[in-house]
Structures are given as C-alpha cells and as structure tokens.
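The next block holds one structure in the form of structure tokens; read it before the comments.
Everything numeric in this text was worked out from a predicted model, so none of it was measured. Heads up: numbering here begins at 1 and tracks the sequence.
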Amino acid sequence: MKTERVPQIVLGAGAGLVLAGAAALFAFGGSGDAPAPAPGAAARAQAAARAGAQASLPELAALIGDREKWLRAHPGDDASWAELGGAYVERGARGGDTASYVRAEQALKRSLAVLPAGEGNVDAQLGMGALANARGDFAAARKWGEAVRAGAPRRWQAYPVLIDAYSGLGDHVSAGRAAERLRALRAGAPSLSRASLVYRDKGWREDASALAHDAVALAATPAEKAACLARLGDLAWERGEPAEALAAYEPALRLVPGHAPSLAGRARARAALGREEEALRDYAAALERLPLPQYALDAGELYESLDLDGDARTHYELARVRATRAAAHGVNGALVLARYEADHGDPDAAVQRLRAEWARGHRSVHVADALGWALYRAGEPEEALPYARRATEQGLRSALFAYHRGQIERALGEYGPARRHIAEALRVNPHFSPLLAPKARRALTTLGEPR
C-alpha cells in the first residue's frame, strides 16, 4: 500500500456560491516520481502552490501544458494526473471555462484508477471534492472532503472543500467548525479569507472585515492578493459602502489587470455612485474575462434600471444561455436561473427548480431566500414566508434578503414587520440593487409611518 504524500501543490477553485473567492482552496501532494517543471512559468505556478498561494492564469496554463506533456510519456503517474485535474478545476473556476471541469474529472478519475482512494490517493480525492464544489454538487463535495478528513485529519487542504460544501448545504455550524480547524492547521491568506466568509455568514461583519484585511496583508502572490482585495471589496459593498469597496477593487485591478471579480465588483460600486456608463463598461469587461451568468444578470438589471430594455433583454438571454451551456458540463446553475426566472421570466419555473434544489439538500440561506421570493412572485406569499424567515434569521445580513422578506410580509398584510424589514434593507445597503432599491424606497413611502 502506498502511503500518503507530503503536500505539494495548491490550486484554488473559487466557485460555489462565492464568485470573488480567495486563493488556495485545495491542495495536492507529490510522491517525487514526477519531475518538477523546468524553470519558468510552470515552475513558478508550482512554487506559489507549495506556499499555499495562487498562481497567475498564464502560469497555471503553463503548468497544465507541462503536466500534459509529461503524462503522454508517463501515463501511470497518479500524482501528475491529480495535479493536472486540480489545475483544470482552477482554470474552469477562474476563467469561466466550464469545459475544463470535464477534463478535470477525466484526469482525476485516471489518477484514482492508477492509485485508488483506499490505497492513499488523497490528492485525487481533494480534487474531486473541489470539482464537486465548483459544479455546485455540495453533497458530493462533502463526501470527498469527509473521506479525506477521516483518513488524513491533519491534511489542511480538506477543510476549504468542507467549508464550501457545508455552506452550500446550509450546515453553517459545521462550516464554522471546519473554518476553525483550518485556521488551527494552516495560517495564512487562504485560511483567513475563507474564515472571513464564515464570519460574514454568521453576521460578524467587523470580524469578517478584520480577517479579510489580514488576508490581504499575508497574500503571497499578485493573483492571491487581488483575490483577497476583491473579497475585501465585496464585504464593503455588502455593508453599503461603495466608495470603500472601490478602494479595494482598484488596487486589485492594478495588480491583476482584467481581474473579473474586481471588475464586476467595481461595476456595482460605480453604479451605486451614479457612474452608470463606467459601470456598464466594467460589466462588459468582466463578462469578456469571466462569462458568468450572474454577471450577465447583474448587467441586465442595470440596463433595465436605465430604461435600456433591449440591452437588458440581451443580457438576460445571455445569462440563461450561459447557465444552460454550463449545465452541459455538469455545473449546477439552478440558483442563477431561478433568480432570472423569478424576476424576469417564469416564476413557476423558478419554484420548480428551487424545490428540486431543496430536495437535494441544498438548503443554504441563498436557496432559502430565492425559493421564498420565487413563491411570492408565483402568487404564494404564505408559503414563501417561512423560507424568507429562514434566510434572514441565520445570521447573514443581506439587504436583498431583508427586502424580499419585507415585500412578502407586505403581501400578507403584516405591515409592521414589512416596514421594519424593508427599512433594514436600505440601512444595510441603500444601493443593493439598481432595480429593487428604488422599489424599496417607494414601498416605505406607501407603507407610511408606523402608528
């Protein structure tokens, strides 16, 4: 039986529910059987990975090419197959190339065929867990992550996989425990950035921001620092501070020009500050770099808020097409498709999609909020309210969630709670949506002052 390897390569998969993630979400080892890449971009990618950092996309591409060349001559090298699979997951997540997930699955399965999981192939198991998270299959990711934790509890690379999986399933207690275990085993930017999200989900906004600042300070490469800055900007945006968010996105874009999460974040912040033309250019650039359906949906709503209905329809269709195309590569796009259908298409179709997600065990606050809103839009506010309550009472302070709950309560004649939650949405982030924030202000005017 082959023994567990010493950790070697780290390749992040900033996927799942969080788009602007930090680096180094999972890692691979190396038995020493495969030679290190020749000096150059591939070697730099591997060196960054050994330090738990994120390589640049060109360096990642060089590493993929190097491993592919090696494996053509040495197809029995399980470590290189696992490394290649992880690199494909990383490229798929950071470049929006969902076809890379298919290649990742093939490479990881080849690794497991050469060295099965039961014989010590921890690396391929970690890769399969990260791949499952990237595709939105959180139950499968939990299975892979828990298998690694059971067999190798000190392999810190299992815990980012578990954090994403537990969060996607709505098990925030387990996600918190995994985050604390990660911090105990591995200090540095990746663990701090992951922990900041867990704290954010608990409603600990100041703690989340402090950890995100620490992650920026500890980031080891420009790519990793840009990812951590984007996380910091997102936290500022969620607090309703667009100028502070810009102060994080701008240096991220200086470090990595064209960094898509920072471009999309800057677009939201610029729109909030009344700089709509610049915001639209940023969305276009983000979509060119990383063609995520969510970016297309956000851009469409900004166009609609400006009464540019033709452009809005174009971007809504783009969101639908890209989510459908990604589904052909095993990516679960139910959440973004349901959000599109609930507000711009067929709410009954959104309810059907989200009920299926709920039945699969995907019970995060994001799914709860989306299902509640879809039911409301489909004319079922009474059934919607328990889901809206679940979304708003788990800790995460979301202006969108509060607005959705308030409108559902308003439809049920619960005017006091409706007034309170709609006002809360505008306190949390007065610019939370170019379409819905103005509706929230009008709703408060209609509801009037409390008696």
Side-chain angles (χ1 to χ4, degrees), residues 17 200-201 203 205 234-242 245 264-265 267-269 271-273 279 294 297-306 312 316 319 335-345 347 350-351 354 364-450:
L17 298 173
R200 185 275 309 269
D201 290 345
R205 301 171 78 178
D234 290 347
L235 292 172
W237 163 255
E238 290 167 6
R239 296 193 304 268
E241 299 170 353
R268 290 191 300 269
L273 295 170
Q294 185 64 52
L297 182 58
D298 290 346
E301 292 187 342
L302 179 56
Y303 275 115
E304 185 176 345
S305 74
L306 299 172
Y316 293 149
L335 189 59
V336 67
L337 282 171
R339 290 198 183 281
Y340 157 74
E341 292 288 4
D343 282 322
H344 312 290
V351 170
L354 292 165
S364 71
V365 292
H366 301 276
V367 175
D369 167 72
L371 179 52
W373 186 244
L375 284 163
Y376 161 77
R377 295 282 293 171
E380 301 290 343
E382 189 170 352
E383 189 178 357
L385 186 55
Y387 292 105
R389 285 175 175 159
R390 178 164 179 153
T392 54
E393 293 175 359
Q394 297 296 309
L396 176 65
R397 294 194 65 194
S398 165
L400 180 66
F401 293 3
Y403 170 77
H404 284 167
R405 178 172 175 175
Q407 288 288 42
I408 292 167
E409 289 165 334
R410 183 185 177 195
L412 293 170
E414 299 183 12
Y415 299 121
R419 184 184 297 107
R420 183 171 67 253
H421 287 113
I422 294 172
E424 180 187 349
L426 292 170
R427 279 196 308 273
V428 171
N429 185 354
H431 317 287
F432 69 93
S433 163
L435 282 179
L436 300 182
K439 291 182 179 180
R441 287 187 282 271
R442 290 195 294 270
L444 277 184
T445 300
T446 302
L447 286 165
E449 295 296 326

Original post:
Between atom CZ of R268 and atom OG of S433, what is the distance when rounded to the nearest 0.5 Å?
Top reply: 11.5 Å
Subject >> Interatomic distance, E414 atom CD to H421 atom NE2 [nearest 0.5 angstrom] >> reply: 10.0 Å
**OP:** Give the minimum heavy-atom separation between L412 and P381, together with the two atoms involved.
**Re:** CD1-O, 3.7 Å
Subject >> Distance-only side-chain donor-acceptor flag, Y316 / E304, under 3.5 Å >> reply: yes
Original post:
Can you check whether I422 reaches R441 side chain to side chain, under 4.5 Å on heavy atoms?
Top reply: no
Subject >> Between OH on residue Y376 and CD on residue Q407, distance to nearest 0.5 Å >> reply: 5.0 Å
Original post:
Is there side-chain contact between L426 and Y403, with heavy atoms separated by less than 4.5 Å?
Top reply: no
Original post:
L371 and V351: which non-hydrogen atoms are nearest, and at how many Å?
Top reply: CD1-O, 4.2 Å
Original post:
Can you check side-chain contact (heavy atoms from CB on, under 4.5 Å) on R200 and D234, steps first, answer last?
Top reply: CA-CA 11 Å; R200 185 275 309 269; D234 290 347; over 6 Å; no
Original post:
Distance-only, no hydrogens or angles: does the R377 side chain make a donor-acceptor pair with backbone N or O of G372 under 3.5 Å?
Top reply: no
Subject >> Where I408 and A384 come nearest, the two heavy atoms and their spacing >> reply: CD1-CB, 3.9 Å
Original post:
Between H366 and F401, is a ring pair (Phe, Tyr, Trp, His ring centres under 6.0 Å) present by the stated rule, with each step listed?
Top reply: CA-CA 9 Å; H366 301 276; F401 293 3; 5.7 Å; yes
Original post:
Is the shortest heavy-atom distance from the side chain of Y387 to the side chain of D369 under 4.5 Å?
Top reply: no
**OP:** Could you tell me which non-hydrogen atom of A342 sits nearest to which non-hydrogen atom of A350, and how far apart they are?
**Re:** N-CB, 3.8 Å
**OP:** With sequence neighbours left out, write down each residue that passes salt bridge (charged side-chain N to carboxylate O under 4.0 Å, His left out) with E241, or none if nothing qualifies.
**Re:** R239
Original post:
Which distance, rounded to the nearest 0.5 Å, do you find between the CG of L436 and the CD of E301?
Top reply: 6.5 Å
**OP:** Compare every heavy atom of V365 with every heavy atom of A391, then report the nearest pair and how far apart it is.
**Re:** CB-O, 3.6 Å
Subject >> Inter-residue atom distance L335.CG - S364.OG, 0.5 Å rounding >> reply: 7.0 Å
Original post:
Is there a donor-acceptor contact under 3.5 Å from the side chain of N429 to the main chain of W237?
Top reply: yes
Subject >> Sequence neighbours excluded - salt bridge (Lys or Arg N to Asp or Glu O under 4.0 Å) pairs with any residue from residues 397-409 >> reply: E393-R405, R405-E409
**OP:** Calculate, to the nearest 0.5 Å, the distance between atoms CG and CZ belonging to L396 and R205 respectively.
**Re:** 9.0 Å
**OP:** For residues P347 and A378, report the shortest heavy-atom separation together with the two atoms involved.
**Re:** CB-N, 3.8 Å
Original post:
Do the side chains of R410 and T446 get nearer than 4.5 Å, heavy atoms only?
Top reply: yes
